[in-house]
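Residues: numbered from 1 along the sequence shown. Given the structure is predicted, the values throughout are model-derived calculations rather than measurements.
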Amino acid sequence: MKIISFTLLCAFCMLLTAEVDAQNAKTVSSPDGTLKVKIAINNGLAQYAVHFQDTVMLENSPLGLVTNEGDFTSNMSFVDASTGKIDKSYTQDKIKTSSVQYQSNTLTYTAKNEEGKQIAYHFQVSDHDIAFRYELPKWGDTKATVVEREVTGFSFPLVTTAFLSSMMKPMTGFARTAPSYESGYVTDAALESTTAEFGYVFPGLFKIGENGWVLLSETGVGSNYNGAHLSNFKDGVYTVEYPQMEQNNGFGSTGAQIGLPGFTPWRTITVGKTLKPIVETTIPFDVVEPLYEASQAYQYGKGSWSWIVWQDNSMNYEDQVQYVDLAAAMDFEYILIDAWWDERIGYEKMEKLINYANSKDVDVFLWYNSNGTANDAFQTPLNKMNTSIARKKEMKWLKEVGVKGLKVDFFGGDKQETMRLYEDILVDANDHGLMVIFHGATVPRGWERMYPNFVGSEAVLASEMLIFSQGVREKEAFYASLHPFIRNAVGSMEFGGVLLNKFLNRGNRQGQERLTTDSFQLATGILFQNPVQMFGLTPNNMTDVPEFELEFLRELPTTWDETVFIDGYPGKYSVLARRSGKQWYIAGVNAENTVKTLKIDLPMLKGHEVSLYNDDEERQATLQNVKVGKNGELTVTVQPRGGFVLAQ
């Protein structure tokens with residue numbers, strides 16, 4: 001009898017617990033009702049789950065933070081919940097689309113830990129996107145805290161495969177500048193195989209069997225917080241990890257110091273049955289706002305750049321004059337003058353060079369080393385950007401001589417200490433009318449909208465590695481087919497591409513052979529989105545490249561009003577459409593080793609005659625006029641490691 005009573009008591013307790021959990025479970029759906037997030041506290045653990053079109057995309061996944069003022073990962077209890085709606089529109093001239101309408105439903109779910117301290121989970125759910133973050137209120141007289149770590153997780157169904165780039169080991173690589181988001185990718189990898197020692201960078205792409213796709217990232221990170229990344233796959237889940245202590249030469253906290261009440265950055269989840277919502281998402285910008293006004297109307301465009309092919313030896317006055325002339329001949333707006341200019345050209349002669357460029361209607365970007373203390377990068381100018389006094393003095397001179405932008409290199413790390421440096425450089429640069437490109441850097445996290453003078457980050461295995469690595473040259477097409485779905489889906493990507501030399505060196509006769517076609521290179525000028533594009537042309541290209549290729553680059557926009565996914569599969573091929581004004585460009589690349597014939601649907605070009613830039617069977621660039629069918633269909637043949645462009 002006692003055994004029966006005990007069994008009944010256990011069953012009653014379990015039923016009571018289930019009822020309590022059911023009472024604290026709350027659901028928020030997208031405006032169209034297809035995307036749903038359920039938040040609940042189960043046995044003291046805050047969790048959320050994601051369904052799309054009634055299919056599980058994320059199973060119960062953990063929520064929570066650990067701070068130096070309290071633990072919010074266990075023994076949690078429900079306090080209350082509230083809902084709301086957001087409907088806003090905004091314009092942004094340097095992302096994948098210029099005009100955005102953002103509508104979402106919101107849920108604020110408040111809980112408390114066993115000490116009675118509260119935390120709120122804020123969720124915003126639009127038709128294909130979820131953004132969520134934590135709010136920490138004031139706890140009595142406590143007005144500041146350090147967030148030490150985060151247990152936010154992502155638990156995928158077991159049928160999922162991953163497309164991920166690994167986090168680099170801190171203080172390794174060139175001059176101990178890692179991590180700099182310049183690793184390769186695993187594709188369609190089984191989750192249990194994704195065990196990189198230092199985890200994986202944002203963004204990460206996941207294929208949920210035949211049920212759809214999920215893209216994970218974060219946004220809204222500035223001086224207020226550290227950047228984060230994904231752990232490796234363990235115990236059935238990926239979790240949000242903070243920077244390793246070894247980053248920044250071991251200096252600075254791995255967590256975040258915030259005032260109370262305070263917010264964490266947004267974690268973002270983009271969901272789609274197809275890859276279309278992944279490519280077209282604007283969630284990194286939808287949930288952030290500009291942090292300051294632009295000091296002027298910044299002008300975007302294309303530029304020449306000697307260092308990428310001619311390297312350090314080109315850093316002299318005479319070679320830079322050649323590249324100014326190249327930019328002028330190509331109707332490019334800019335020249336980027338890279339490392340060592342201060343030593344090998346000098347400040348006084350640089351003023352003369354800037355004046356010469358301006359006489360040709362070409363403006364100047366100058367390279368700087370961000371470093372002074374964090375790593376061993378030695379290229380100059382050095383110690384000009386890492387302290388406020390030196391930075392403002394240098395920027396005063398830059399403004400006086402008419403420089404329009406900076407490329408700042410060698411950051412290496414995601415600690416809050418480094419995020420503050422990014423923001424400090426941007427704010428001071430805006431005060432002096434300067435645009436900023438970051439190189440050897442972290443992925444941008446909503447920065448195009450947050451910082452009006454930010455015009456791109458590298459954060460990718462970019463064009464310089466095509467010069468240095470045979471392995472990267474062999475995988476150039478493979479990586480290019482990934483970027484629209486992963487890296488470039490969440491932020492501008494300063495790749496420095498469109499290389500038309502047959503051999504990627506100054507002689508262009510032998511050595512680092514380019515393995516992709518000219519049409520492939522032209523296609524990446526559209527496929528890779530960045531408002532300022534420094535292209536890898538060389539002066540000899542003015543005579544050894546077909547004129548129609550050069551004319552195409554002269555006319556190519558760098559900002560877009562609309563981006564549309566057409567077709568593709570990451571690691572195999574990709575086709576995108578971008579619109580500038582009324583003009584459409586469709587670009588595609590083939591990463592595979594066989595000819596690919598694509599029947600593509602182009603409703604925006606129904607019945608139109610367009611220019612087709614493509615490769616013949618000998619892999620030589622061709623130009624012809626073709627007509628898109630009245631039904632919007634067109635068949636295109638793409639060579640291995642080749643590409644095509646359709647221009648209206």
Side-chain angles (χ1 to χ4, degrees), residues 32 34 89 91-93 95-101 127-128 212-213 270 272-282 480-481 483-485 488-489 517-529 548-549 551-570 572-592 595-616 621-639 642-648:
D32 68 1
T34 60
S89 59
T91 58
Q92 193 66 57
D93 56 2
I95 61 174
K96 64 186 78 170
T97 185
S98 62
S99 181
V100 180
Q101 182 75 27
D127 286 348
H128 288 280
W213 298 82
T270 301
K273 180 68 176 176
T274 70
L275 286 159
K276 182 178 174 67
I278 306 298
V279 170
E280 299 177 15
T281 184
T282 55
S481 72
H483 297 325
F485 307 110
N488 217 182
T517 67
D518 281 12
S519 295
F520 174 98
Q521 293 293 323
L522 299 183
T524 62
I526 299 159
L527 213 61
F528 300 163
Q529 180 265 321
F548 70 82
E549 295 184 30
E551 191 58 31
F552 170 83
L553 291 173
R554 288 188 181 97
E555 300 296 326
L556 183 64
T558 64
T559 57
W560 305 101
D561 294 303
E562 189 176 355
T563 294
V564 178
F565 169 69
I566 302 297
D567 196 5
Y569 191 93
K572 296 182 178 181
Y573 70 106
S574 58
V575 185
L576 299 189
R578 298 195 196 270
R579 179 177 60 83
S580 176
K582 295 182 179 180
Q583 188 172 13
W584 283 97
Y585 290 81
I586 289 82
V589 295
N590 177 13
E592 297 187 296
V595 175
K596 188 176 291 291
T597 299
L598 301 174
K599 181 183 284 187
I600 52 178
D601 187 20
L602 304 171
M604 70 286 290
L605 294 177
K606 285 181 180 179
H608 284 255
E609 187 171 281
V610 295
S611 298
L612 170 62
Y613 300 80
N614 204 350
D615 305 306
D616 62 21
T622 63
L623 172 61
Q624 59 182 321
N625 291 332
V626 298
K627 191 168 185 179
V628 179
K630 291 182 179 180
N631 60 358
E633 289 185 355
L634 182 71
T635 299
V636 180
T637 298
V638 195
Q639 296 299 314
F644 74 92
V645 172
L646 293 166
Q648 204 171 6

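Scanning for ring pair (Phe, Tyr, Trp, His ring centres under 6.0 Å) contacts around H483 gives F528, with sequence neighbours left out. Listed by chain and number, the residues in a side-chain contact (heavy atoms from CB on, under 4.5 Å) with E280 are K276, V564, F565 (sequence neighbours excluded). Here Y613 pairs with F552 under the ring pair (Phe, Tyr, Trp, His ring centres under 6.0 Å) rule; sequence neighbours left out. Residues passing the side-chain contact (heavy atoms from CB on, under 4.5 Å) test with K582: none are found, sequence neighbours excluded. Taking Q92 as the reference, R449 meet the side-chain hydrogen bond (donor to acceptor under 3.5 Å, both in side chains) condition, with sequence neighbours excluded. Under the side-chain contact (heavy atoms from CB on, under 4.5 Å) criterion, D615 pairs with T517, S519, Q639, sequence neighbours left out. Every residue two or more places apart in sequence or in another chain was checked for a ring pair (Phe, Tyr, Trp, His ring centres under 6.0 Å) with F548, and none qualifies. The side-chain hydrogen bond (donor to acceptor under 3.5 Å, both in side chains) check on E562 picks up R579, with sequence neighbours excluded. Taking W584 as the reference, nothing meets the ring pair (Phe, Tyr, Trp, His ring centres under 6.0 Å) condition, with sequence neighbours excluded. Here T563 pairs with R578 under the side-chain hydrogen bond (donor to acceptor under 3.5 Å, both in side chains) rule; sequence neighbours left out. Partners of T34 by side-chain contact (heavy atoms from CB on, under 4.5 Å), not counting sequence neighbours, listed by chain and number: S30, D32, F52, Q53.
We find the CD1-NE2 distance between I278 and H128 to be 9.5 Å, quoted to the nearest 0.5 Å. Atom CG of D518 sits about 12.0 Å away from atom CG of N614, to the nearest 0.5 Å. The CZ atom of F520 sits 8.0 Å away from atom CG of L527, with the distance rounded to the nearest 0.5 Å.
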Under 3.5 Å, side-chain donor or acceptor atoms of residues 595-607 against the rest of the protein: list the pairs with distances, not counting sequence neighbours.
| from | atom 1 | to | atom 2 | distance (Å) |
| --- | --- | --- | --- | --- |
| K596 | NZ | E592 | OE1 | 2.7 |

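With contacts defined as side-chain heavy-atom distances shorter than 4.5 Å, the pair W560/T97 does not qualify.
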